[in-house]
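Taking it in order: structure first as structure tokens, then the write-up.
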Amino acid sequence: MPCKTNSELETFLKKAKHYTKMGKVADYIPALSKANRDDLSIAIYFPDGKYVSAGNVKEKITLQSISKVLTLALALIQRGEELVFSKVGYEPTGDPFNSIVKLEMSKPSKPLNPMINAGALAVTHMIKGNSVEERFTSILSFIQLLTGNKEIHYSKEVAQSEFETSHLNRSLCYFMKQHGIIDENVEELLDLYTKQCAIEVDCLDLARIGIVFALGGIDPVTKKRIMPAHVARLCKTFMVTCGMYNASGEFAVRVGIPAKSGVSGGILGAVPNRFGIGISGPALDDKGNSVAGVKLLEMLAEKYSLSMF
Ligand SMILES: NC(=O)CC[C@H](N)C(=O)O
């Protein structure tokens, strides 16, 4: 099994850290611009519940787009495949995550997949509950279960900052409301979505979620099933085809594992049956992926033959 010691992982981290200089911290959500460009940390979880880590593992980041794959799992559990995929499609877009262009061009007018913002908003719309608060509790509890960490909460500052500035997401919602994909109050949906994106985790939490997906829905510590195997499989498939935005093709060639990134610089990776990987590295490349995080995964993939292809 690769990287069984922290010091072995530290060697890779040191090499990858140079690449943080090539990236930029996201600032279109104003609160995210406070992140430190030079940070980089990683944790790897194994099926036996053990883990290794390197860097400042306790550093918290918000989930941002990583939350999309978690709400997809929850919506599939709560609503079933048929309903979920009546509102969102299966196909990668090749466009940036917040692009509006394909929404109008595709017929019927539904988001092409659940990993772009439009698709994720449609998925969050389907989370059950009688109020934003109830629905958010349902998302948060699911994430606490996945991470085995009851301390997980969200950053009010980041949620508020995104809520006040996400006009593009508002426009996606109004477009979908016009076309009958969603039928709720847009401000309420955005309130829920921005809170979901602002849930704070560290890279160990991410790695723990990764191993649950890698094990087909089983918790590595309690050995209990957290989600049905077909839900884990579906989520991992979307992670491969659309998880790294419009860089998913290149990532599949260079790394070859199901992964999901977020503009906070987080990456969640799941190497089927082998590892869960969590990375935090706020400096982003021009597609919005952690520049040093992707480099680190490339190095690990080469050294330990991680690619599933
Ligand atoms: N790519 C991302 O991480 C985007 C998530 C962010 N909350 C948004 O909706 O714009």
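Here, residue 1 is the first one in the sequence, and each next residue gets the next number. Each ligand, and each atom within it, is numbered from 1 in the order the structure gives.
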Table please: side-chain donor-acceptor pairs of residues 290-298 below 3.5 Å, with sequence neighbours left out.
| unit_1 | atom_1 | unit_2 | atom_2 | d |
| --- | --- | --- | --- | --- |
| S290 | OG | G281 | O | 2.8 |
| S290 | OG | G293 | N | 3.1 |
| K295 | NZ | E298 | OE1 | 3.4 |

Minimum side-chain heavy-atom gap C197-S65 below 4.5 Å: no
M126 to R79 - nearest heavy-atom pair and separation: O-NE, 2.7 Å
Please table the atom pairs, donor to acceptor, closer than 3.5 Å between any side-chain atom in residues 114-122 and protein atoms at least two apart or in another chain.
| unit_1 | atom_1 | unit_2 | atom_2 | d |
| --- | --- | --- | --- | --- |
| N117 | OD1 | K68 | NZ | 2.6 |
| N117 | ND2 | N169 | OD1 | 3.0 |

Which side-chain N or O atoms in residues 17-28 pair as donor and acceptor under 3.5 Å with protein atoms at least two apart or in another chain?
| unit_1 | atom_1 | unit_2 | atom_2 | d |
| --- | --- | --- | --- | --- |
| K17 | NZ | D38 | O | 3.3 |
| T20 | OG1 | K17 | O | 2.8 |
| K21 | NZ | D38 | OD1 | 3.2 |

Pi-cation contact, F163 with R170 (under 6.0 Å, within 45°): yes
Are any protein N/O atoms closer than 3.5 Å to the N/O atoms of ligand 1? If there are, list each pair with names and the distance to one decimal place.
| unit_1 | atom_1 | unit_2 | atom_2 | d |
| --- | --- | --- | --- | --- |
| ligand 1 | 1 (N) | S65 | OG | 2.8 |
| ligand 1 | 1 (N) | Y245 | OH | 2.8 |
| ligand 1 | 3 (O) | S65 | N | 2.9 |
| ligand 1 | 3 (O) | S65 | OG | 2.8 |
| ligand 1 | 3 (O) | Y245 | OH | 3.4 |
| ligand 1 | 3 (O) | V263 | N | 2.9 |
| ligand 1 | 7 (N) | Q64 | OE1 | 2.6 |
| ligand 1 | 7 (N) | E162 | OE1 | 2.9 |
| ligand 1 | 7 (N) | E162 | OE2 | 2.7 |
| ligand 1 | 9 (O) | N117 | ND2 | 3.1 |
| ligand 1 | 9 (O) | E162 | OE2 | 3.1 |
| ligand 1 | 9 (O) | N169 | ND2 | 3.0 |
| ligand 1 | 9 (O) | Y193 | OH | 2.7 |
| ligand 1 | 10 (O) | Y28 | OH | 2.6 |
| ligand 1 | 10 (O) | N117 | ND2 | 3.2 |

